[in-house]
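Here is the naming used below: chain letters follow the sequence lines, and residue numbers restart at 1 for every chain. Computed from a prediction, not measured in an experiment: that's the story for all the values here.
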Amino acid sequence: MLDIRRIREEYDTVKTAVESRGKGDYGLAEALALDEKRRGIIANAEQKKSRQNAVSKEIPQIKKTGGDSVAIMAEMKALSEQIKEDDAQLAEIEEKLKDALLGIPNTPDASVPVGADDSENVEQRRFGEPTAFDFEPKPHWELGTELDIFDFERAVKISGTRFTVSKGFGARLERSVTNFMLDLHTGEHGYKEILPPFMVNRASMTGTGQLPKFEEDMYHVTQQDFFLVPTAEVPLTNLFMDEILDAKDLPVYVTAYTPCFRKEAGSAGRDTRGLIRVHQFNKVELVKFSKPEESWEELESLTVAAEEVLKRIGLPYRVVALSTGDLGFSSAKTYDIEVWMPSYGRYVEISSCSNFTDYQARRAGIRFRREPGAKPEFVHTLNGSGLAVGRTVAAIIENFQQADGSVAVPEVLRPYVGTDVIR
RNA sequence: GGAGAAGUAGCGAAGUGGUCGGAACGCGGCGCACUCGAAAUGCGUUUACGGGGUGACUCGUACGUGGGUUCGAAUCCCACCUUCUCCGCCA
């Protein structure tokens with residue numbers, strides 16, 4: 001969430017930034033009004049409390065010396081009731097203020113292109129050229145079914161639409177890609193591998209910004225109020241919830257493979273075939289905790305680390321900077337990496353790399369101390385897919401398909417897959 | 001799932017209705033003294049959040065969490081969370 005003091009002191013700047021997302025002020029004006037009300041109540045209540053504390057210290061003396069405590073007790077009783085009323089009123093205002101703040105998105109960085117939607121995203125760079133074929137290429141769902149490595153019909157039978165079953169080399173390829181990504185990031189990019197829970201509590205989902213606004217997108221285990229993780233970002237970022245880190249340990253780099261669970265509500269009819277948009281998919285996630293002054297540099301290197309996966313596999317891609325209208329709720333700046341997907345005839349999102357600045361850190365209470373005795377400051381959090389595994393598999397199958405319907409295994413993956421060609 | 005015990009500063013731990021909350025005591029950390037240096041020893045110091053103030057500073061809040069009783073709660077009552085021990089179940 002945004003710092004209420006920043007909203008108070010730089011209201012116009014914050015308002016302009018938030019409104020650049022193109023969907024109003026998200027209750028910013030309301031938050032400011034609530035804050036003013038809140039401070040008025042605090043000033044009043046604390047004066048009364050100060051008096052109450054002072055008198056409470058005197059009462060034992062009065063009693064000991066046999067003085068008359070009846071009048072003062074009556075006064076204190078009345079004061080105590082007033083304080084209770086003030087506190088109740090304050091709690092109510094603070095609850096409202098907190099709700100208001102949780103509903104306000106992060107302020108886009110000044111470098112983010114202003115635009116209404118994804119059509120105004122700005123391409124940053126490309127790697128490779130869209131794959132050229134001297135035959136008619138097939139989409140991965142057709143190839144995969146013919147090769148008997150995907151089984152969409154049985155997935156529907158055992159679970160429903162938007163679920164997948166991989167078999168044989170299909171399952172092996174998925175596992176290989178996952179391992180390749182984890183090995184690259186842990187071995188060469190300095191990330192520590194984490195295996196987190198796949199279900200998290202409400203506090204974690206609130207810390208990273210999925211709750212309270214986006215509850216309808218999540219799978220909720222109502223029996224125990226758990227949520228299935230929509231991304232490993234949630235458990236990874238909340239590793240340090242309510243902790244104060246040591247500056248000498250920053251930056252912290254962590255990575256994890258998890259399945260990701262999403263309802264995909266509102267995308268009915270979109271990408272209904274294949275591995276592109278499903279309720280459960282695998283992803284390797286990269287998360288960083290950094291000092292504020294280093295986070296922009298860290299965003300660039302995180303994006304480069306994610307790109308490296310595609311470079312080594314040999315898949316054509318491009319990087320785009322999201323415009324303000326397409327930017328995620330908690331993000332101050334996001335680069336999407338898009339891989340070339342022949343069946344779509346365009347680039348498709350395969351990674352989203354964001355700097356959340358102190359927005360998530362403030363919600364989740366993740367701080368650091370520059371030196372012993374210094375005031376704790378909020379860290380900056382960043383994350384990016386490194387990469388979405390299912391979409392990577394789909395891209396490999398489509399871009400590496402051969403005229404005879406077989407799929408060449410990219411060289412870096414051969415030691416993992418154990419074959420040169422899937423046929 | 002059942003029974004019992006416990007949650008107080010970085011760690012251990014005292015406090016069972018008021019002068020006990022930055023909080024006894026011990027350990028650790030930091031500073032100073034002693035030392036060529038270190039150890040040992042001695043002295044001092046050591047939380048976070050919010051309000052007000054340019055500031056020195058000041059007021060408030062916090063004893064797992066949330067309620068309640070009381071003029072006053074770490075202390076009494078209720079609910080929940082977590083940890084430990086035993087039993088049950090289980091990969």
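Rounded to a whole angstrom, the distance from the C1' atom of U16(B) to that of U75(B) is 5 Å. Taking atom P on both A6(B) and U58(B), the two are 40 Å apart, rounded to the nearest angstrom. Taking the C1' atom of each, A62(B) and A9(B) are spaced 12 Å apart, rounded to whole Å. Taking the P atom of each, U19(B) and A38(B) are spaced 44 Å apart, rounded to whole Å. Separation of the P atoms belonging to A39(B) and C76(B) is 45 Å when rounded to the nearest angstrom. Distance noted for atom P between G44(B) and C25(B): 11 Å (whole Å). Comparing A5(B) with A79(B), their P atoms sit 15 Å apart, to the nearest whole Å. The separation of C32(B) from C84(B), taken at their C1' atoms, amounts to 43 Å, rounded to a whole angstrom.
With hydrogens and angles ignored, no donor-acceptor pair under 3.5 angstrom links the side chain of Q47(A) to the base of G60(B).
U19(B): no Watson-Crick or G-U partner with both key distances under 3.5 Å is found in any strand. Base pairing of C49(B) is made with G60(B), judged by Watson-Crick or G-U wobble geometry with both donor-acceptor distances under 3.5 Å. Pairing for U41(B) is with A33(B), a Watson-Crick or G-U wobble pair whose two hydrogen-bonding atom distances lie under 3.5 Å. As the counterpart of U69(B), no nucleotide is assigned, since no Watson-Crick or G-U wobble pattern has both distances under 3.5 Å. Searching all strands for a Watson-Crick or G-U wobble partner of G26(B) with both distances below 3.5 Å returns C11(B). Pairing partner, A3(B): U85(B), with both Watson-Crick or wobble hydrogen-bond distances short of 3.5 Å.
For the pair R39(A) and G52(B), the criterion of a side-chain N or O lying under 4.0 Å from OP1 or OP2 is met. Note on N53(A): every side-chain N or O is 4.0 Å or more away from OP1 and OP2 of C59(B). Taking only side-chain nitrogens and oxygens, S80(A) never comes nearer than 4.0 Å to OP1 or OP2 of U70(B). Contact annotation: R51(A) does not reach the phosphate of C59(B) (side-chain N/O to OP1 or OP2, under 4.0 Å).
Atoms NZ (K98(A)) and C1' (G66(B)) sit 13 Å apart, rounded to a whole Å. Note: NZ (K37(A)) to C1' (G50(B)) measures 19 Å, nearest angstrom. Distance E243(A) CD to A48(B) P: 16 Å, rounded to the nearest Å. Atom CD of Q52(A) is separated from atom P of G18(B) by 16 Å (rounded to the nearest Å). Regarding D3(A), its CG atom lies at a distance of 12 Å from the C1' atom of G50(B), rounded to whole Å. Atom P of nucleotide C80(B) and atom CG of D225(A) are separated by 16 Å, given to the nearest angstrom. Rounded to an integer number of Å, the gap from CZ of R38(A) to C1' of C49(B) is 11 Å. One can place CD of E46(A) at 11 Å from P of A62(B), the figure rounded to the nearest angstrom.
Residue contacts shown for E58(A) are absent, as no nucleic acid heavy atom lies under 4.0 Å away. Contacts of R8(A) with the nucleic acid, taken as non-hydrogen atoms under 4.0 Å apart, involve only primed sugar atoms and P, OP1 or OP2. Residue-level contact check: I42(A) touches the backbone only, with heavy atoms under 4.0 Å from sugar-phosphate atoms and none from bases. Among the heavy atoms of the strands lying under 4.0 Å from K375(A) are primed sugar atoms or P, OP1, OP2 only; no base atom is included. No contact: K57(A) has no heavy atom under 4.0 Å from any strand. Nucleic acid contact for R369(A): sugar-phosphate only, since backbone atoms but no base atoms lie under 4.0 Å from a heavy atom of the residue. Contacts of S50(A) with the nucleic acid, taken as non-hydrogen atoms under 4.0 Å apart, involve only primed sugar atoms and P, OP1 or OP2.
Position along RNA chain B of the nearest nucleotide to R367(A) versus I72(A) favours R367(A) as the more 5'-ward residue. Toward the 5′ end of RNA chain B lies the nearest nucleotide of K49(A), the other residue of the pair M73(A) and K49(A) mapping further downstream.
Without hydrogens or angle criteria, S331(A) side chain to L327(A) main chain gives no donor-acceptor distance under 3.5 Å.
Using a 3.5 Å distance cut-off with no hydrogens or angles, the side chains of K283(A) and T178(A) do not pair a donor with an acceptor. If you check the side chains of Q360(A) and S330(A), you find no donor sitting under 3.5 Å from an acceptor. In this model, no donor atom of one side chain and acceptor atom of the other lie less than 3.5 Å apart for N179(A) and Y257(A). Side-chain contact, E300(A) with Y335(A): a donor N or O sits under 3.5 Å from an acceptor N or O.
Of all non-hydrogen atoms in E19(A) and G24(A), the two that sit nearest each other are CG-O, 3.4 Å. Pairing each heavy atom of I337(A) with each of T303(A), the nearest pair is CD1-O, 3.8 Å.
Of the candidate nucleotides U69(B), G60(B), C71(B), C71(B) has the atom nearest to the side chain of I59(A).
Rounding to the nearest 0.5 angstrom, the gap separating the NZ atom in K15(A) from the OG1 atom in T13(A) is 12.0 Å.
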